[in-house]
Number of protein chains: 2
Amino acid sequence: MKKISEKSIERLILYRRILGNLLTENQSKIFSHQLSRLTDVTSAQIRRDLMVTGYSGSPVHGYDVEALLKSICDYIDTPGDQGVAIFGLGHLGRSVMGYFNTRQPRLKIKAAFDTDPDKVNRVLHGIRCYRTDQAKDIIETQNISVGILAVPQRIAQDVATLMVNSGITGILNYAPTRLELPPQIYVENRDMILAVEKVAYYSKKNNT
Amino acid sequence: MKKISEKSIERLILYRRILGNLLTENQSKIFSHQLSRLTDVTSAQIRRDLMVTGYSGSPVHGYDVEALLKSICDYIDTPGDQGVAIFGLGHLGRSVMGYFNTRQPRLKIKAAFDTDPDKVNRVLHGIRCYRTDQAKDIIETQNISVGILAVPQRIAQDVATLMVNSGITGILNYAPTRLELPPQIYVENRDMILAVEKVAYYSKKNNT
DNA sequence: ATTCCCCTGTGATTGTTTTCACAGTGTAAT
DNA sequence: ATTACACTGTGAAAACAATCACAGGGGAAT
């Protein structure tokens, strides 16, 4: 299994989703140029990305949707399940829960954490909310490695540190703050303010 | 003004924010390696990025925070203000509002839109919510170019089309769907599910 | 059977982004 | 005055990513 770029990984994840959709629509075969239209990725790029999975399509019938899907999953997924925890049950945390209910077999939200006593022990979308100080215990026993940081900016760093101390190894950070954490922790920044500013920059360009 | 990469734009926006913070802390000078620590960007990269703004620092004192900030703003900002509208006032839309209240002089949320009669005409964080069918009128009169798409996946494409028809030229898309829109419209995808899956991929790697 | 066609997989190429490395600069210390 | 120093700005190199372009393959049409 050789090194592969972050961009390729994102695209593979995207292909996987699209293939899953196709499967539920009973489409069993697909060509790279069709997948291209569904993903806004060039067909050459798609073929290149798929190389790493080892799966080969047929020049005549294209790719078998089910087999390709399995091949991508084998490449991307870790053996066994991975747990996800949400830190912060404000609007953002709840909206993530909402979007997440799409069936994601190997990835499951197992717990939420908040300090607000009104939220603790409530169950939302089938997920129970715990006190933040219970995090270490629950994360260890439930095999949770992914944490979604959805708290106000003011406390983002403290909560992130707590997440790491509790055993989280990958963080999805929505707060507009750079987190200082040990280097072996993977952090994906999804800074909401920055995203708006970026769109503002590119949307004005078109006006001229 | 020459071509510059998307990544550079994102970083410039980040530098701008950090510099703004420094200014409120009354720090007036900064070296590239200090900014590097605050942003997780190498100092060489920072100097390279700053080239496009035309601003030059002093080899002795580093950069003047205020002057550099102004220089970046001159480069990034359009003359005049830009309006932002939020489509969908569920949890996600409200959380964007919450994060946004940081002072953003040239970028302002001017309206929200929703079809739910319970939400229409309510005012949240100082932003009024309108009926979706009022969008075209309001967007035209209020100089709104940026739209944040925060609706359920099911209706994302329809609302996006409506946004474009109403005059929006840049869309920040949080739904896990690729939008089909005219090519001159800028779309920034911030697919929430994909982000979680990506973190899951990279967080497992560290465990081995 | 032969030709044609459209697809895949991939080596080669092109294009882009990041890093390296160093000349140039101005202050401070001796 | 001279030297030493720590930084910037940037050409050049390296690393990385996307695209091109074509050999190879097999079904369909003639």
Side-chain angles (χ1 to χ4, degrees), chain A residues 1-15 18-19 22 27-72 75 183 189 198 201-202, chain B residues 1-15 18-19 22 27-72 75 183 189 198 201-202:
Chain A
M1 201 194 256
K2 41 167 132 163
K3 231 194 67 194
I4 185 181
S5 76
E6 224 173 289
K7 293 261 204 103
S8 288
I9 289 292
E10 288 190 23
R11 286 191 300 259
L12 284 171
I13 292 170
L14 178 61
Y15 306 152
I18 303 282
L19 292 169
L22 291 174
Q27 181 171 346
S28 66
K29 301 283 182 185
I30 193 164
F31 293 118
S32 63
H33 64 268
Q34 297 175 303
L35 197 49
S36 170
R37 247 183 296 111
L38 296 170
T39 56
D40 287 348
V41 178
T42 65
S43 59
Q45 181 75 73
I46 290 175
R47 294 200 299 275
R48 185 58 78 187
D49 287 334
L50 297 183
M51 278 178 71
V52 299
T53 70
Y55 177 78
S56 262
S58 144
V60 179
H61 305 108
Y63 302 99
D64 183 89
V65 174
E66 193 168 0
L68 178 54
L69 179 59
K70 180 174 180 316
S71 198
I72 295 177
Y75 182 80
N189 289 302
K198 184 179 171 190
Y201 176 81
Y202 284 106
Chain B
M1 202 195 257
K2 42 167 130 164
K3 229 196 68 192
I4 185 182
S5 77
E6 223 173 290
K7 294 262 205 101
S8 287
I9 289 293
E10 287 190 25
R11 286 191 300 259
L12 284 171
I13 292 170
L14 177 61
Y15 305 152
I18 303 283
L19 291 170
L22 291 174
Q27 181 172 344
S28 66
K29 301 283 181 184
I30 192 162
F31 293 117
S32 63
H33 63 268
Q34 297 175 303
L35 197 48
S36 170
R37 249 183 296 110
L38 296 171
T39 55
D40 287 347
V41 177
T42 64
S43 57
Q45 181 76 74
I46 290 175
R47 296 200 298 276
R48 186 56 82 181
D49 288 334
L50 296 183
M51 277 178 70
V52 299
T53 70
Y55 178 79
S56 263
S58 143
V60 180
H61 303 107
Y63 302 100
D64 183 89
V65 174
E66 193 167 359
L68 177 54
L69 180 58
K70 180 172 181 318
S71 198
I72 294 176
Y75 182 80
N189 290 302
K198 183 178 173 191
Y201 175 82
Y202 284 105

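Here the structure is a predicted model, which is why all the values come from computation and not from measurement. Note on naming: letters A, B, ... go to the chains in the order of the sequence lines (proteins, then strands), and numbering restarts at 1 for each one. All values below were derived from every heavy atom in this structure, side-chain atoms included, with hydrogens, water molecules and symmetry-related copies excluded.
- Taking 4.0 Å as the cutoff to heavy atoms of chain B, we find the contact window on DNA chain D bounded by D:dC7 to D:dA12.
- Each of A:E6 and A:A44 was assigned the nucleotide of DNA chain D with the nearest heavy atom; the assignment lying further toward the 5' end belongs to A:E6.
- For C:dT19, the OP1/OP2 oxygens have a side-chain nitrogen or oxygen of B:T42 closer than 4.0 Å.
- Closest of all the heavy-atom pairs between B:L35 and B:T39 is O-OG1, 2.8 Å.
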Close N or O pairs between protein and nucleotides 5-7 of chain C (under 3.5 Å):
residue	atom	partner	partner atom	Å
C:dC7	OP1	A:H33	NE2	3.4
C:dC7	O4'	A:P59	O	3.4

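- Stretches of at least 3 consecutive Watson-Crick or G-U wobble pairs, with each checked distance under 3.5 Å, appear in DNA chain C as C:1-30 with D:1-30.
- Between B:S32 and B:S43, the shortest heavy-atom contact is OG-CB, 3.6 Å.
- Pairs of residues two or more places apart, or lying in two chains, that qualify as side-chain hydrogen bond (donor to acceptor under 3.5 Å, both in side chains) and include a residue from residues 52-67 of chain B are B:K29-B:D64.
- Spacing between atom CG of A:L35 and atom C1' of C:dG9 amounts to 16 Å, rounded to whole angstrom units.
- A distance of 6.0 Å separates CG in B:L22 from CG in B:L38, rounded to the nearest 0.5 Å.
- Rounded to the nearest 0.5 angstrom, B:L68 CG and B:L50 CG are separated by 5.5 Å.
- Taken from CD1 in A:I4 to CE in A:M51, the straight-line distance is 10.5 Å, to the nearest 0.5 Å.
- Heavy atoms only, all atoms of each residue included: B:L12 and B:I72 are closest at O-CG2, 3.8 Å.
- In this structure, A:Y55 places its OH atom 8 Å from P of C:dG9, rounding to the nearest Å.
- Note that CD of B:E6 and OH of A:Y201 are 10.5 Å apart. Values are rounded to the nearest 0.5 Å.
- Between A:V41 and A:Y15 the shortest side-chain heavy-atom distance falls below 4.5 Å.
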Protein and nucleotides 12-15 of chain C: nitrogen or oxygen contacts under 3.5 angstrom:
residue	atom	partner	partner atom	Å
C:dA12	N6	A:R48	NH2	3.1

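- Atom CD1 in B:I18 sits 11.0 Å away from atom CD in B:Q27 (nearest 0.5 Å).
- A straight line from CZ of B:R47 to C1' of C:dT17 spans 16 Å, rounded to a whole angstrom.
- Residue pairs that meet the salt bridge (charged side-chain N to carboxylate O under 4.0 Å, His left out) test with at least one member in residues 31-49 of chain B, sequence neighbours left out, are B:R11-B:D49.
- Following rounding to the nearest Å, A:Q45 (CD) and C:dG9 (C1') show an atom-to-atom distance of 14 Å.
- Remark: P of C:dT8 and CD of A:Q34 are 9 Å apart, rounded to the nearest angstrom.
- To the nearest 0.5 Å, atom CG of residue B:L14 and atom OG of residue B:S8 are 12.0 Å apart.
- Looking at every heavy atom in both residues, A:I9 comes nearest to B:Y202 through CG1-OH, 3.6 Å.
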